[in-house]
Amino acid sequence: QVQLRGSGGGSVQAGGSLRLSCAASTTRFSINNMGWYRQAPGNQRVLVAAISSGGITTYADSVQGRFTISRAYAENTVYLQMNRLKPEDTAVYYCVADGDTSRYWGQGTQVTVSS
């Protein structure tokens, strides 16, 4: 019943920045954690960053200090500010939201970082 719409991906040179956004289409369900996963070609989907309903954040070691996750709680929107991007960050980025009983996934947005 909850739909997530991610946006903000694109192509950027190494060292540049992008900001991803993901908004839930409805507030009918209570949202707990929100976050971002990514999947590079040939690899499995891995957690990039997450933020709890109380604002506690978690980051993958590979993005610590470069990425910042934030959340607009009233709008059920999660953001990922990505700075100092590296070619290794190239992947499809998926937003995720956890309800009380279900996990909801966005459609994915491509991020490509060139050297």
Side-chain angles (χ1 to χ4, degrees):
Q1 198 66 50
V2 174
Q3 288 186 314
L4 300 180
R5 181 177 59 84
S7 62
S11 297
V12 65
Q13 289 189 301
S17 298
L18 287 171
R19 191 187 193 217
L20 306 183
S21 302
C22 184
S25 63
T26 179
T27 59
R28 178 159 60 255
F29 297 98
S30 178
I31 302 299
N32 299 315
N33 299 327
M34 298 189 77
W36 294 91
Y37 283 70
R38 70 186 182 189
Q39 187 168 23
N43 295 319
Q44 65 183 20
R45 190 174 300 182
V46 297
L47 179 68
V48 177
I51 184 167
S52 74
S53 59
I56 300 172
T57 58
T58 301
Y59 296 95
D61 289 343
S62 58
V63 307
Q64 182 73 47
R66 299 187 297 117
F67 291 10
T68 302
I69 190 169
S70 61
R71 183 170 174 176
Y73 292 93
E75 293 80 15
N76 281 329
T77 301
V78 64
Y79 304 93
L80 187 67
Q81 179 66 45
M82 305 184 292
N83 297 326
R84 293 182 286 146
L85 283 161
K86 304 176 179 180
E88 308 93 273
D89 297 318
T90 295
V92 177
Y93 284 70
Y94 299 88
C95 62
V96 64
D98 290 336
D100 287 337
T101 61
S102 300
R103 169 165 284 187
Y104 305 95
W105 292 92
Q107 81 282 10
T109 183
Q110 176 71 48
V111 171
T112 302
V113 184
S114 59
S115 60

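From a predicted model like this one, the values you see are computed outputs, not experimental measurements. Here, residue 1 is the first one in the sequence, and each next residue gets the next number.
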What heavy-atom pair brings Ser53 and Ile31 nearest, and what distance separates the two atoms? CB-O, 4.4 Å
If only side-chain N and O atoms count, and only distance matters, is there a donor-acceptor pair under 3.5 Å linking Asn83 with Ser17? yes
How many angstroms lie between OG1 in Thr57 and CG in Asn33, if you round to the nearest 0.5 Å? 11.5 Å
Arg38 pairs by side-chain contact (heavy atoms from CB on, under 4.5 Å) with which of Thr90, Thr109, Asp89? Asp89
I'd like to know if Trp36 and Tyr73 are part of one continuous hydrophobic network [Ile/Leu/Val/Met/Phe/Trp/Tyr, side-chain heavy atoms within less than 4.5 Å]. yes
Separation between CG (Asp98) and OG (Ser52), nearest 0.5 Å, reads 11.0 Å
Closest non-hydrogen atom pair between Met82 and Val111, with its separation: CE-CG2, 3.9 Å
Between OG of Ser115 and NZ of Lys86, what distance do you get to the nearest 0.5 Å? 13.5 Å
Might you point out which heavy atoms bring Ala14 and Pro87 nearest each other, and give the distance in Å? CB-CD, 4.0 Å
With Leu20, the side-chain contact (heavy atoms from CB on, under 4.5 Å) member among Tyr79, Tyr93, Phe67: Tyr93
Which heavy atom of Leu18 sits nearest a heavy atom of Gly10, and at what distance? CD1-O, 3.9 Å
Decide yes or no on side chain to side chain contact (heavy atoms under 4.5 Å, CB included) for Met34 and Ile69, but give the supporting numbers first. CA-CA 9 Å; Met34 298 189 77; Ile69 190 169; 5.9 Å; no
To check you understand the geometry: which heavy-atom pair defines the closest contact between Tyr59 and Ala49, and what is its length? CD2-CB, 3.6 Å
Might you point out which heavy atoms bring Ser62 and Arg66 nearest each other, and give the distance in Å? O-NH2, 2.8 Å
Would you say the side-chain atoms of Gln39 pair up with the backbone N or O of Ala91, donor to acceptor, closer than 3.5 Å? no
Rounded at 0.5 Å granularity, tell me how far CG in Asn32 sits from CZ in Arg103. 11.0 Å
Please give the remaining members of the hydrophobic cluster of Leu47, linking ILVMFWY side chains under 4.5 Å, ordered by chain and number. Tyr37, Val92, Tyr94, Val96, Trp105
For Gln107, I'd like to know if atom CD has over 12 heavy atoms of other residues, nucleotides or ligands within 6.0 Å. yes
